[in-house]
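For ligands, and for the atoms within them, numbers begin at 1 and follow the listed sequence. Values below: all heavy atoms of this structure, side chains included; hydrogens, waters and symmetry mates excluded.
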Amino acid sequence: MNRVFVDTERIRFETAPDLYGLFFEEINRGGDGGLYPEMLRNRSFEDSLVPEGCKAIVREDGTEAIRNENGWSCPFHNGEGKTEWAHRVPPTPVPAWYVQDARMELNAKVRLNEKRRVSLHVHFEPHGRLWNIGCCGVPCRRGESYAFYAFLKTEEPCELRVSLAGSKGIRYDTWNIMVEKGPFVRYDCILEATEEDYDAVLLIEAPLGGEVYIGFTSLMPTETYKNHGLRKDLMELLAGANARFLRFPGGCVVEGFTKETMLRFSNTVGPVWERPSHYLMWHYRSTNGLGFHEFLQMCEDLGLEAMYVMNAGISCQVRGPVFAEGKELDAWLQEAMDAVSYATAPVGTKWGELRARMGHPAPFSLKYIEIGNENMGPEYSRHYRKFYQALKHRYPDIIYISNTHTEEEGLVTEVVDEHYYDTPEFFAEDRRRFEAYNRKGPKIFIGEYEAFQGNGVATLHAALCEAMFLFGAEKNQDVVTLSTYAPLLQHVEYTSWYPNLIVFDNHRSYGIPSYHMLSLLGANRGKYVVESRVETSKLRYVPSGLPGLGSTVPGLRFRNANCHGEPVEVKRFLQNMAVREGEGYLTAVDPSAPPMKPFPGKPDSSKNCFLIFDAPAGREDVFEVEVMAEEGQGVFLTVFNRAEQAYIFTQEHHGGEVWNHRTVRNSQWRIQDGISTVIDQCIWGDRPLAQPEPCMLTPGKWHTLRTEAAPGGFLAFVDGRLLHHAQQTAVPLIDSVAAIEEKMIYIKLLNMGDERETVEITLDCMVEDTYEKIVLTADNPMAVNAFETPERVSPVTMDCNGAAKVFCCDLPAHSLSVLRLSAKQNVRENGMPFVMTANQRNTYGRLSG
Ligand code: AHR
């Protein structure tokens, strides 16, 4: 029998009010063309310009790509972005724009203003036409209206006809413009859709022919959330997330991947046509319509606290960093100061005036600032110190967040942002992580997390595993005070990251199971976390997938790889390569791999080799390979056997072929320097799965490594001798966390098993017989939501009775349940003295001299 004991009298600490938040980053076209519902793609005509600070290259496989000066590269395809996005659309020199009986070209001399880099020069024949296909179709809803504008310039008067048009040429609404000779002039109109057509285009025709320059253009729905310009269905989903704050605008986009692409707030305020566009590492250019002002407005409209992430004078450290120093660093600090001024300074000041001109004279609230994103190392600590001191001095009431544990270097650190991307199972297995954190140290912000590796992400199973991790956070709210799932939004046709909390196309949207899980946790907070205890059984997740092999330095020989004695071939090299040698292979450095600087603070792994074997399905559980290390090589081996065969082909999810070690769960068997270890390689360090054992691989001699699946883990043999019985970390079948607020008792329960479970709940107080039970589950742990079945995994509320001091409650297999019980009297009367210990108080750091 599973048992849960809840002691409402034993208060542990107050719940952290802002524990659950949202994190927006411009990724997957989540902003421009998504939440910011611009219907025209490439409205500034700048998409095909090679990003600032990069070179256009052609990769060996023929892919048109860009490369920054540090060697980081990604597909570009004339600005269409990822290869699969480019292949989906007919080729055109100006992405998303097409002509018939007309010519178009970019013009870098005739520009709308100094922030625009080009205009589109169009020469129309009589009846010539120009059209834009939007983000996989311009979406029209019957009866809805759309605001169009364009800045146009011509040498001779030119008559244009602007229409919303169906793909077969039917015009749903048309407006005629007479463009007069002279400088750029803005022309506006409202177009109404007479048909439902999500694959329409914006059509511009010149019945008599002529020439025009288009400086900038836009088409937006007239109806938006609270009339503040953002897409209604997406904002409604965000409102339904029951979050308390919004982290924006990134993420890696804050950092950029060159000096020029480091994000400046000042480029994202003012009239949108005067905001420079910005190429993102997520494979597209944003016109920054969703800028600093719009985020602050969005926070106000959704009742969220604002958390602004500012560039700390460092570009993305995994894409070859640029560090600003001296005057350049001062300029970045000034940029940060200006951002805070824009949000909070009164009208009459430079930034307050601009904010008022943008429609918000009153200051916005700005509660949190994060100094940098995912920055690290000595440079970061130095920059953090400078930024923190200056900002805290000028804006002492703001709460500041550091990217690393800068307190360990003696720096004042209020909150530390930790990021977790791993397998679903990692999250469940790591549920107790925060128990060990220093109660006197900084608060913890789980600033980015999600189950994104291995099998079964974006499923009910993943949401439940994440929930178990978050139960761990809730039980440690004296330390963990903030958290945000990442990323937030995904236009399904422009996936650059998977999974994402909310999925949409140009007219539909839904939340993945994790969205509903978070919304449920966010809606049932309570005021105090109380003592609770669970008695239950344990389970262990044993992953499956393809076997693999690796070495830290080239020169490892291997041969005779087999599963159950059947030979298996190398399927794919994931890092560097191996060359054929005699009857086997020799690992080697791939000379065509682009040079990359080592990750700060980490050993240089550029010479590591990783490969996977092509095992027949269902036969991967017994794997064997012979290996030979070289004299004095210090080789270590990585056998992703049984535990780590989760190398999966993820075309369906990522919209592209993804075969790399980030899509696996890195449990490893390592033999290095005479020691053999079996570990789960987790984002914050290794988790041992068995005792380390001495093991010497004799240089120049063949050794046989073998792994076999075993209950709860796997066995590892060297030359027929059993060295380890690796055991995956155990997870409780039932988990629980409880909180109270006046008469309400919130008991959150997880059933991670395949069977319905009965739980006996014991309370220390009398409760009303009737209670509410809200359950998130589905018929299958691998269930996902989709456009056709958006609510397959979504909470169901039931009115129940039978609650008592001791009562039983059924939990469906694979479920998250929230019980909302009502005590017969206040479990903690209002006004009753409640004394927190010093550690429990919100002890945000103060600036020390
Ligand atoms: O959430 C996607 C990316 O993951 C973020 O941009 C970055 O901070 C992290 O590496």
Check your understanding: Is there a nitrogen or oxygen of Trp282 sitting under 3.5 Å from a nitrogen or oxygen of ligand 1?
Key ->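 In this structure, Trp282 places no N or O atom under 3.5 Å from an N or O of ligand 1.
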Practice item. Look only at interatomic distance and state if Cys252 has a nitrogen or oxygen under 3.5 Å from any nitrogen or oxygen of ligand 1. Key: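 Right, the criterion is met.
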**Study point:** Residue part near ligand 1, for Val253, under 4.0 Å between non-hydrogen atoms
**Key:**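 Answer for Val253: neither.
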Check your understanding: How are the rings of Tyr284 and Trp85 set relative to one another: parallel (under 30°), tilted (30 to 60°) or perpendicular (over 60°)?
Key ->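 Ring orientation, 0 to 90° scale: tilted.
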**Study point:** Flag for Glu409-Tyr384: side-chain donor and acceptor within less than 3.5 Å
**Key:**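 Looking only at side-chain atoms, Glu409 and Tyr384 do not form any donor-acceptor pair under 3.5 Å.
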Check your understanding: Among pairs that include at least one residue of residues 296-310, which meet salt bridge (charged side-chain N to carboxylate O under 4.0 Å, His left out), considering only residues two or more places apart or in two chains?
Key ->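 Listed by first then second residue: nothing to list.
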Review point. For Gly250, is the nearest heavy atom under 4.0 Å from an atom of ligand 1?
Key: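 The answer is no, since Gly250 has no heavy atom less than 4.0 Å from ligand 1.
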Check your understanding: Who passes side-chain hydrogen bond (donor to acceptor under 3.5 Å, both in side chains) against Ser483, sequence neighbours left out?
Key ->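 For Ser483, no residue satisfies side-chain hydrogen bond (donor to acceptor under 3.5 Å, both in side chains) once neighbours in sequence are set aside.
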Practice item. Would you mind running through ligand 1 and noting each atom that sits below 4.0 Å from a heavy atom of Glu374? Key: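 Counting from 1, the qualifying ligand atoms are 7 (C), 8 (O), 9 (C), 10 (O).
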Review point. Which of the atoms of ligand 1 are close to Ala486, meaning less than 4.0 Å from one of its heavy atoms?
Key: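 Within the 4.0 Å cut-off of Ala486, ligand 1 contributes 1 (O).
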Point to revise | Selected option - heavy-atom contact closest to atom 1 (O) of ligand 1, from Trp497, Phe23, Tyr421 | key: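 Nearest option to atom 1 (O) of ligand 1, by heavy atoms: Tyr421.
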Point to revise | Salt bridge present between Arg88 and Glu493 (N-O < 4.0 angstrom) | key: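 Answer for the salt bridge query: yes.
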Exercise for review: Run the salt-bridge test on Arg319 and Glu255 with the 4.0 Å N-O cut-off and return the result as yes or no.
Suggested key: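 No salt bridge links Arg319 with Glu255.
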